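On a predicted model such as this, the values are computed, not experimentally measured, just so you know.
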There are 2 protein chains.
Amino acid sequence: MEKKITIYDLAKELNVSPGTISRSLNNHPSISQKTKDRVVFKANEMGYKVNKFAVNLRTQKSNAIGVIVPKLNSNFMSTLLAGVEKVVNEAGYNLIISQSLESVEKEIMNAKTLYNSGVDALLVSLAFNSESSEHFMPYIKSKIPLIFMDRVFNLPNCPTIVIDNFQAGYDATNHLIQQGCKNILIVTGNLKRNVYSNRLLGYKGALEDNNIVFNEVNIIETSMEPQSAKDVVDYIKSMNVPIDGLFVLSDSFAAHCMQKLKTEGFSIPNDIKVIGFNNDPISELVSPTLSTIEYPGYSMGLLAGESIINQIKGNINLQETNSISLRHKLIVRESSKK
Amino acid sequence: MEKKITIYDLAKELNVSPGTISRSLNNHPSISQKTKDRVVFKANEMGYKVNKFAVNLRTQKSNAIGVIVPKLNSNFMSTLLAGVEKVVNEAGYNLIISQSLESVEKEIMNAKTLYNSGVDALLVSLAFNSESSEHFMPYIKSKIPLIFMDRVFNLPNCPTIVIDNFQAGYDATNHLIQQGCKNILIVTGNLKRNVYSNRLLGYKGALEDNNIVFNEVNIIETSMEPQSAKDVVDYIKSMNVPIDGLFVLSDSFAAHCMQKLKTEGFSIPNDIKVIGFNNDPISELVSPTLSTIEYPGYSMGLLAGESIINQIKGNINLQETNSISLRHKLIVRESSKK
DNA sequence: TTGTATGCGTTATCAC
DNA sequence: GTGATAACGCATACAA
């Protein structure tokens, strides 16, 4: 551990060439088993460690995968990353994680930094207000695998890993309708993001299939920050036709809205039935417990990880370069009880 | 972006030596401003990018900081990491984040992997059941800065960044006593971890100062997993002297306990007053809202980041190599109202 | 099956 | 102020 020992030291010690050492350590087929054994044994004995820096320079690979997510501190994101980490670690890769904190500027900076530090692939979930894909062009030009998950761009040759947000939005809305709701308000984040716009389409679809006329005023687009809950409730109170159903595209924001509604005297689910999205742990802890859409975060992570590894290794399965869509699940709890 | 351009290309183009290019780009004092300007201009024009791999090999530094945390998906941890990231990014470092998922085995693996990939420093918050510090020895022997935060070991020359868990435990307990509690149960995680054992000492201290006799049966050590809430409530119901105060060393577990208590017919805060720990967002959303101890996660992250950078740069401020302790704050909400 | 030699792109130590 | 030149530690094409 004290002094760095190199393949040259091993070579000298064993009276073979550095090349042989290198090949033995990498289990190269042209080396005899006997030599390999000797080398590996000696390497352990002397406490040899490869110098990753040299390997990286020589191979122009870093064995590192860059990740840009909006926020680490969301249950969904971290669950997803746990899945990614498991897969890529098993394949010998490290994860360099950075947060955009929902800012395009930081997303651009992170993309540049990670590019410069030579990541072998980049995994991205977009910031709230990211509109241009300009900052990902260096990756595409350099043919560095680029994978989007959840909040995605559709770029050529860039796999996306998503759930069927349309169907999920449909299912949630349909559930509220089945429970008797006639006038459902949908509370969404930035509609430029695929996740929200598709859920909205699902919402509209469910209304239509149930012969309910869609009304533009039943959409409210917010930052989903806790303090915006007040705006939502104010909006609900201001409406002519009373709202009897609330579809909030995030559990934690739904929890804030419910709290505010309760303090304003609304009874849930009697006056208003509520459904959220994500199956965040919070949804089981609020009262009434929150109905929601479960989102297979961990599985998405595993798939994202596998997709990345395949891309890096050049196993370009054409079916995989397209969009992978995972199953979601409606979870009914107290907040939408009849 | 198409073909990699190197300092040799720039040198040829400008009729100077590669050395001059390198020095110019690094703003070396011995180069004339005029030359520097020419070089920098040309570099931009030709789209030159340093090759980090070469720099790393040459300097034997990676500009990367390894991080091992138990779980990413805890509000406290991710907030903390956000702080770390901000500071180290501004200093030009990347964060390689890995999760131990509360398993010593994975912690050991991660430590090894990060060591091999040549991180310039390592930041650790220990797994639940980590007892030996053997796996950090390579860092110490190689004099790679090693910093612990929150769940820490006390190793020579390894700064620790913590809050005063004793005082926090004292304050929480004292608050419950002030609210009239006479028989307080403390619900803790693994007592091998400094964070929990020190809070327990604070609990005992507060009892003593209020002339309440400490009773061993008033400690319950659990995994803090949601499903253990049942055990806690069963334990409460089984006790001879009724519990009137509950000090749970994690907000999310406190929320689970409260929920279970309520379904078992306990009224909070009337029958039992509850206080948690962390000021997790969840604490404002449960009902009754949860009193807690606020924990300056973001500030801890900033400090941890600064401490790391200082260590790497060799600014070894001796005062800094010791433990840094941050201020916590008691937040009183409904769950401990008189 | 093994050895030799070169290059990966920098930085740093000498010179001049 | 600038130019040679030698590492950094490894992988690999080419020889043997």
What string of B, S and - do you get for nucleotides 8-16 of chain D 5' to 3' if you count protein non-hydrogen atoms under 4.0 Å? BBBBBB---

As a test of understanding, state which of T79(B), I324(B), V84(B), L80(B) forms a side chain to side chain contact (heavy atoms under 4.5 Å, CB included) with M300(B). L80(B)

Calculate the interatomic distance between D9(B) atom CG and dG7(C) atom P; express it in whole Å. 15 Å

Would K52(A) and N116(B) count as having a side-chain donor-acceptor pair, cut-off 3.5 Å? no

For DNA chain C, determine which residues of residues 30-39 of chain B have any heavy atom closer than 4.0 angstrom to one of its atoms, and list them numerically. none

From CG of N56(B) across to C1' of dA12(C) the rounded distance in Å is 17 Å

Are side-chain heavy atoms of V67(B) and V119(B) found at a separation under 4.5 Å? no

Check whether any side-chain heavy atom of Y48(B) sits under 4.5 Å from a side-chain heavy atom of I7(B), and report yes or no. yes

Side-chain donor/acceptor of S17(B) to backbone N/O of T20(B), under 3.5 Å: yes

Do F76(A) and K71(A) make a side-chain contact, defined as non-hydrogen atoms from C-beta onward lying under 4.5 Å apart? no

Would you mind reading off the distance between M46(B) atom CE and dG9(C) atom C1', rounded to a whole angstrom? 15 Å

Ignoring hydrogens and geometry, is there a side-chain-to-backbone donor-acceptor pair from S125(B) to D150(B) under 3.5 Å? no

To the nearest Å, how far apart are I21(B) CD1 and dT5(D) P? 18 Å

Take V124(A) and F153(A) through the test side-chain contact (heavy atoms from CB on, under 4.5 Å) and record every step on the way to the result. CA-CA 9 Å; V124(A) 181; F153(A) 276 142; over 6 Å; no

